[in-house]
2 protein chains.
Amino acid sequence: MSIAERKERQRAERYELILAAARELAEADGWDAVTTRRLAELINYSQPVLYSHFKGKADIMAAVATRGFEELATRLEMETTNVTDAADVLRNICAAYLDFARSRPVVYEAMFVLPTRIKFASEETPPALRAAFAALVAALGPDRQEPVFLAEVLWSALHGMVVLMQSERIPAEDAEVRLNILVQKFRSD
Amino acid sequence: MSIAERKERQRAERYELILAAARELAEADGWDAVTTRRLAELINYSQPVLYSHFKGKADIMAAVATRGFEELATRLEMETTNVTDAADVLRNICAAYLDFARSRPVVYEAMFVLPTRIKFASEETPPALRAAFAALVAALGPDRQEPVFLAEVLWSALHGMVVLMQSERIPAEDAEVRLNILVQKFRSD
DNA sequence: CGTAAAATACTAGCGTCGCTAGTTTATCTG
DNA sequence: CAGATAAACTAGCGACGCTAGTATTTTACG
């Protein structure tokens, strides 16, 4: 059944092609510019082929978001495992989170801002998303009361800073100062 | 010129009618359901009359948001002036902010989430918005270093909690616990 | 190798969106 | 009452997400 394998591989390649095109288009002109017609033209297929891979535009965005969860989890876990200076794990994690949001703003948007069908804080939550959150919890250090709630508050603060900066509601150039304040408030000592 | 006055008053009434219809429709079915056609039908006028009052849909949403800023500022200032227990001003302000977001989710969305033409942190910032932010700064108490940045971080945390709850990315039922943690972290003593 | 069947991609179109041009109706002025 | 001005309307443009139905290619089999 080598020929079936080839077809499957080609399908998978086209799947990746769509995802890449969607991300590039979003990075260039925002998610509003990601239309099924433009996507189809970018990958040199007709519009309906998209619907053989995805249920619709929302499904494409969810797929991009899922990839984002994996990348974010990887980046955060790097900060917890490669502990050169254990004292500043919290700061490094927060900085890594903000850095991810700054480097992939539209992916971040799909992950955490736009309406999504992805379930959070439930059984169906993607593993990568759970892992990213676990890294946050770990960064707050052991022996904490209510570590999950504490991590949720920290995450809220980080997320708030990201979206308020991205929507130009607070100045982006002061990110460092705010990070310092935030870390100081959540430090365990 | 009494007749011109009457016309102007009728125009102002229709302006309010549009705003009220937009808010009601958004509260019922979300901002996506607020279309110019539905709005026109709700106020019993044809679609293009909307464009004699507003530049477009975004302008209508900005007007709803502006009203929201005024209501939020009023609510927050109430907590700073009616100081029954001065010690808990910070907590009351935070609670009032969260309560506003919970009671007017779609107005909050227009104010702080959706792309907006309203300028933040600049000369053109609406007075009500400045007042609301000033209440946050005041709630953090006097004798603080970098009070604006500190307030921005607090606001980020509050905003993050709101949007993550509204988009069901963190459970809404634990709002109280998170509020307690947040206030404790930002208390001055 | 030829043909029927199944899979696959296409063309065309539906309903809806924000917005606007052009026209008709209503109102005011002389 | 006639003409000018203002204000509403009808109709339509291009684009959107999505889908039904058709044509084409690929597969399986005699």
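Convention: sequence-line order gives letters A, B, ...; per-chain numbering from 1.
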Rounded to whole Å, please give me the gap between [atom1] in [X] and [atom2] in [N].
X	N	atom1	atom2	result
B:Glu41	C:dG18	CD	P	13 Å
B:Leu50	D:dA7	CG	C1'	14 Å
A:Glu8	D:dT27	CD	P	14 Å
B:Arg11	D:dA8	CZ	C1'	12 Å
A:Ile43	C:dT8	CD1	P	16 Å
B:Tyr45	D:dA6	OH	C1'	14 Å
A:His53	C:dA7	NE2	C1'	14 Å

Checklist outcome for this item: In B/S/- notation (B base, S sugar-phosphate only, - none; protein heavy atoms under 4.0 Å), nucleotides 19-25 of chain C written 5' to 3' is BB-----
Return the set of residues passing side-chain contact (heavy atoms from CB on, under 4.5 Å) with [X] (not counting sequence neighbours), or none when no residue passes.
X	value
A:Ala95	A:Leu179
B:Ala138	none
B:Leu42	B:Ala21, B:Leu25

Checklist entry - Hey, does the side chain of A:Arg38 come within less than 4.0 Å of D:dC16's phosphate (OP1/OP2), counting only N and O? => result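 Result: yes.
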Checklist entry - Are any of B:Thr35's side-chain N or O atoms less than 4.0 Å away from OP1 or OP2 of C:dC17? => result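 Answer is yes, contact under 4.0 Å.
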Run the side chain to side chain donor-acceptor pair (under 3.5 Å) test against [X] and tell me which residues pass, sequence neighbours left out.
X	value
B:Asp29	none
B:Glu176	B:Arg91
B:Ser167	B:Arg169
B:Ser103	B:Arg75

Checklist entry - So do A:Pro171 and B:Glu152 actually touch side chain to side chain, heavy atoms under 4.5 Å? => result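 They are in side-chain contact.
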Using atom names, set out every protein N or O paired with an N or O of nucleotides 21-25 of chain D below 3.5 Å, distance rounded to 0.1 Å.
none

Item to check | Neighbours of DNA chain D within residues 22-34 of chain B, by heavy-atom distance under 4.0 Å | outcome: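 Those residues whose heavy atoms fall under 4.0 Å from DNA chain D, taken from residues 22-34 of chain B, amount to none.
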Checklist entry - So what does A:Arg14 hit on the nucleic acid, given a heavy-atom distance under 4.0 Å: a base, only sugar-phosphate, or nothing? => result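 Since only primed, P, OP1 and OP2 atoms lie under 4.0 Å of A:Arg14, the category is sugar-phosphate.
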Checklist entry - Does B:Arg14 have any salt bridge (charged side-chain N to carboxylate O under 4.0 Å, His left out) partners at least two apart in sequence or in another chain, and if so, which? => result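 Salt bridge (charged side-chain N to carboxylate O under 4.0 Å, His left out) list for B:Arg14, sorted by chain: empty.
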Item to check | Audit row: A:Val163, B:Phe112, side chain to side chain contact (heavy atoms under 4.5 Å, CB included) steps and yes/no | outcome: CA-CA 9 Å; A:Val163 295; B:Phe112 296 126; over 6 Å; no
Item to check | Counterpart residues, ring-ring contact (aromatic ring centres under 6.0 Å, His included), relative to A:Tyr15 (two or more places apart) | outcome: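 Partners of A:Tyr15 under the ring-ring contact (aromatic ring centres under 6.0 Å, His included) test: A:Phe54.
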